[in-house]
Amino acid sequence: MQIRVADQTIEVNDGASCADVLSDGLSKKQFKNTVAVKCGEKIFDLNGPLPAVCEELTPVFADTPEGLDVIRHSAAHIMAEAVKTLFPDAQVTIGPAIENGFYYDFAYKRPFTPEDLEAIEAEMERIVGRDHPFTCRHVSKDEAESLFKDMGEDYKLELIHDLGQNEYSLYSQGNFTDLCRGPHIPRTGMLKAVKLLSVAGAYWRGDEKNPMLQRIYGTAFANPKDLKAYLHRIEEAKKRDHRRLGTQLDLFSFSEEAGPGMVIWHPKGMLIRTILEDFERKEHLKRGYQIVQGPLILKRELWERSGHYENYRENMYFTEIDEQAYGIKPMNCLSHMLIYRSSIRSYRDLPQRYFELGMVHRHEKSGVLHGLSRVRAFTQDDAHIICRPDQLLEEITGVIQFVKDMAGLFGFEFELELSTRPEKSIGSDEDWDRATNALTDALESIGLPYDINAGDGAFYGPKIDIKLRDALDRKWQCATVQCDFTLPERFDLNYVGQDGERHRPVMLHRVILGSVERFMGILIEHTGGAFPTWLAPTQARILTVTDAQNDFAETCCKTLQKIGLRVEADTRNEKLGYKVREAQVEKIPYMLVIGDKEVADNVVNVRLRTGENLGTKTIDEVVDMIRNDCLEPFKRGGMSYSFF
RNA sequence: GCCCACGUAGCUCAGCAGGUAGAGCACAUCCUUGGUAAGGAUGAGGUCACCGGUUCAAGUCCGGUCGUGGGCUCCA
């Protein structure tokens with residue numbers, strides 16, 4: 001038999017393992033870096049037998065994404081062995097590799113402490129030192145059940161029962177055996193860089209009705225250097241955390257007195273928001289939206305009619321006045337529908353696009369609150385597009401293009417997900433098909449890649465979600481477009497068609513930034529607080545060398561302010577270095593330094609926050625420079641904006 | 001909501017074998033007029049989150065409440 005390995009054809013003897021074949025085909029160095037082997041799309045154990053039908057073997061190297069998965073999953077097994085050694089009463093459950101590491105969930109009578117983690121890590125080191133081989137064997141269902149029953153592993157038994165297979169694979173290293181699909185690294189000694197990170201509670205099988213298990217998170221890399229680099233990256237990312245920068249740059253705060261999840265915007269943060277929102281309003285008008293606004297509270301009966309009272313009550317705030325119950329809005333759609341219904345609509349009037357920067361209140365569970373990303377009072381850049389069914393595609397395409405333009409403006413990477421009909425849903429198959437097709441067609445016509453989340457749509461219609469990542473790689477949903485057949489029905493929205501009959505329109509719910517608060521959080525982390533010049537609260541600061549230049553500085557400052565630039569003068573009796581440092585820490589884009597020389601020549605010396613010094617410029621040149629800097633991002637996004 | 005950790009001056013943090021609080025930055029006053037990331041001196045600032053308990057004595061130990069952080073569940 002012959003097998004191809006790395007452009008070579010290897011003659012294979014009967015009974016040879018994958019490792020035998022690969023060691024012949026690869027250099028020593030390459031082979032040492034191999035943790036598993038790939039045949040077609042499937043990955044196999046390196047020290048396992050050759051796959052049944054296989055013409056070519058590809059090595060899976062330690063530092064590739066697939067190799068890291070194998071290493072991390074193996075690390076989880078080694079951690080499980082360490083835990084069972086130190087805490088024999090603990091029961092093992094499941095322990096997969098995840099995006100940047102791995103975890104393993106244990107059932108134990110008490111939570112693990114940081115000291116436990118240290119002990120577990122030390123025990124893992126011993127296991128790695130013993131360099132046991134990972135071995136795999138296949139057993140029948142009965143065998144597997146009796147085995148794990150003897151070991152007292154109730155959770156494994158439940159898994160075996162629920163999986164309902166006839167055969168199961170078991171992996172062992174040392175005297176630890178786990179139910180597992182594999183594959184694993186050949187020997188424990190190949191785990192060269194591992195670190196346990198944290199303990200957390202997690203529900204068995206992710207269901208809050210189930211008991212809570214003790215989860216240990218860790219990470220592993222191909223070598224200590226990569227691990228160190230990763231840990232360093234995490235530390236660096238923490239410095240860009242918007243919660244930290246929010247305090248440092250004096251943008252916003254939270255107050256125990258005000259209540260959890262309630263953002264208090266300080267002047268600088270609010271200034272950025274205002275500029276952003278102002279831009280959004282203009283951009284919406286350009287795209288045929290109409291700006292509207294509804295009240296923060298609406299009668300309870302209205303929420304009953306919409307179905308929110310029934311389905312969303314736990315998340316709503318209520319109030320009562322004059323014996324009338326009111327609900328504080330968690331969504332903006334209701335007033336928009338009232339606007340639509342305020343007159344008779346012709347098919348010629350559609351689509352109606354209502355835009356509102358609407359503040360909503362949602363009583364989120366206390367444990368989910370997170371800086372600006374998850375709050376209880378926030379502002380959505382919300383719009384409802386009420387259109388004819390035949391207009392769906394064009395409207396959805398318009399929304400996705402809008403999102404694409406905005407993402408381009410800020411230089412964001414984003415991920416698109418299409419969520420289709422869930423099991424529990426309302427509406428006809430025809431409606432669902434048409435809406436889903438419209439969403440799909442829109443995605444295709446824009447030409448962006450997307451994932452499909454089958455069955456993850458809202459009960460009232462399918463949707464497209466757009467997710468952005470924060471500094472710590474957590475994904476947050478921002479933009480979303482949702483088709484809705486229910487609300488037009490419940491509120492009896494209609495339009496008079498060409499035929500003179502009444503027809504039911506479709507409604508699109510959509511946001512571009514999502515929550516302005518959340519978006520601000522992501523923007524802060526994306527820029528590290530160095531906002532693009534058009535958004536920077538202070539665009540330029542004039543720094544005098546001594547107070548002899550203060551008059552000239554004030555004059556320059558007024559000139560720039562009059563044009564509409566956000567400029568201030570630092571005329572304090574401090575050394576220049578001190579003033580530069582302060583402006584630098586505040587990440588002000590332009591520092592305009594004025595000493596005697598500059599006053600004499602009627603110029604300023606320009607320093608950027610990058611540290612670059614542009615030399616001396618006249619005030620007119622400075623204005624041009626800042627103006628161009630402001631407009632630069634808009635060229636990318638294919639949008640325009642006027643500042644002055 | 002659930003599990004764990006944490007909560008000391010505006011900010012970042014130290015303090016601990018239980019004996020009545022400390023630094024840097026920021027702030028104020030004074031000296032200094034100094035060219036691109038911190039000049040110097042002096043001073044003001046805290047019922048150590050809140051409530052209760054143990055103790056002669058609690059920031060330090062115990063319990064509860066509130067808040068924050070890391071996760072789980074849920075979601076923009």
Side-chain angles (χ1 to χ4, degrees), chain A residues 103 105 108 110-114 116-117 197-217 238 241 243-244 247-248 250 253-261 312 314-315 330-332 358 360 362-376 378-382 458 465-468 472 474 476-480 482 509-519 521-522 543-550 572-586 591-598 605-609 611-613:
Chain A
Y103 68 78
D105 286 346
Y108 193 49
R110 63 163 178 86
F112 295 115
T113 64
D116 291 338
L117 280 202
L197 299 172
S198 60
V199 281
Y203 300 107
W204 166 236
R205 304 200 128 181
D207 188 335
E208 62 182 331
K209 289 186 203 79
N210 285 340
M212 188 153 270
L213 306 171
Q214 307 304 328
R215 175 170 297 181
I216 302 179
Y217 281 97
K238 277 186 187 158
D241 191 310
R243 292 166 296 190
R244 186 188 172 111
T247 307
Q248 214 171 299
D250 197 16
S253 64
F254 291 90
S255 158
E256 261 191 61
E257 292 160 285
Y312 205 71
E314 304 74 44
N315 285 299
M331 289 152 194
N332 302 300
V360 294
R362 298 184 186 176
H363 184 220
E364 303 290 353
K365 288 180 182 176
S366 59
V368 307
L369 301 176
H370 180 100
L372 293 178
S373 309
R374 198 75 183 273
V375 294
R376 283 183 171 161
F378 60 101
T379 307
Q380 292 181 302
D381 59 338
D382 203 2
D465 291 329
I466 294 96
K467 295 185 173 168
L468 299 179
L472 290 170
R474 287 181 278 227
W476 294 98
Q477 185 175 320
C478 291
T480 177
Q482 310 182 346
H509 305 252
R510 56 106 277 196
V511 287
I512 303 294
L513 306 180
S515 140
V516 177
E517 283 76 3
R518 173 180 293 179
F519 185 81
I522 293 178
L543 314 177
T544 51
V545 177
T546 71
D547 52 18
Q549 299 90 37
N550 285 0
R572 291 174 305 168
N573 174 15
E574 295 289 353
K575 284 194 165 174
L576 180 60
Y578 183 85
K579 297 184 187 182
V580 167
R581 180 187 147 77
E582 230 168 61
Q584 198 74 47
V585 168
E586 289 176 52
M591 284 159 251
L592 311 177
V593 177
I594 297 178
D596 281 339
K597 281 182 271 177
E598 285 77 15
N605 179 276
V606 181
R607 179 196 160 103
L608 304 180
R609 61 184 161 192
E612 193 185 351
N613 194 307

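As a basis for the values below, the full set of heavy atoms in this structure was taken, side chains included, without hydrogen atoms, waters or symmetry mates. Chain letters run A, B, ... following the sequence lines, proteins first and then strands; every chain starts at 1.
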Rounded to whole Å, the CG-P distance (A:D105 to B:rC2) equals 19 Å
Looking only at B:rG34, B:rC4, B:rG39, the nucleotide nearest the A:T546 side chain is B:rG34
Whether A:E517 side chain and A:T379 backbone form a donor-acceptor pair below 3.5 Å: yes
From CZ of A:R244 across to C1' of B:rU12 the rounded distance in Å is 9 Å
Separation of B:rU36 atom P from A:Q584 atom CD, nearest Å, is 13 Å
Are B:rG71 and A:Y217 stacked, with the base six-membered ring and the side-chain ring centres under 5.5 Å apart and planes under 30°?
no
Sorted by position of nearest nucleotide on RNA chain B, 5' first, the leading residue of A:E208 and A:Q214 is A:Q214
Of A:S198 and A:D547, the one whose closest nucleotide on RNA chain B sits nearer the 5' end is A:D547
note: A:K579, atom NZ; B:rG39, atom P; distance rounded to Å ~ 12 Å
Practice item. Ignoring backbone atoms, establish whether A:R374 has a side-chain N or O less than 4.0 Å from OP1 or OP2 of B:rC74. Key: no
Notebook entry, point to check: Does A:H370 place a side-chain N or O at less than 4.0 Å from the phosphate oxygens OP1/OP2 of B:rG70?
Noted result: yes
Point to revise | Polar pair under 3.5 Å, donor/acceptor by atom type, side chain A:D207, base B:rU73 | key: no
Given the 90°-from-0 boundary between syn and anti, B:rG18 should be labelled anti
Do A:Y203 side-chain and B:rG1 base share a donor-acceptor contact under 3.5 Å?
yes
Please produce a list of atom pairs where a protein N or O lies less than 3.5 Å from an N or O of nucleotides 64-68 of chain B.
none

Which protein N or O atoms sit under 3.5 Å from an N or O of nucleotides 24-30 of chain B?
residue	atom	partner	partner atom	Å
B:rA26	OP1	A:Y578	OH	2.7

A:F378 atom CZ is separated from B:rA76 atom C1', nearest whole Å, by 5 Å
Among the nucleotides B:rC11, B:rG1, B:rG71, whichever has the atom closest to the side chain of A:T247 is B:rC11
Q.
Would you measure the distance from the C1' atom in B:rA28 across to the matching atom in B:rA14 and give it in whole Å?
A. 25 Å
Whole-Å distance, A:E598 CD to B:rU36 C1', equals 11 Å
Closest heavy-atom pair, A:S515 versus A:F378, reported as atoms and distance to 0.1 Å, is CB-CD1, 3.4 Å
Q | A:D207 and A:R205 ion-paired at < 4.0 Å | A | no
When rounded to whole Å, the CE to P distance for the pair A:M331 and B:rC75 reads 11 Å
Taken to the nearest whole Å, NZ/A:K575 to P/B:rU33 is 10 Å
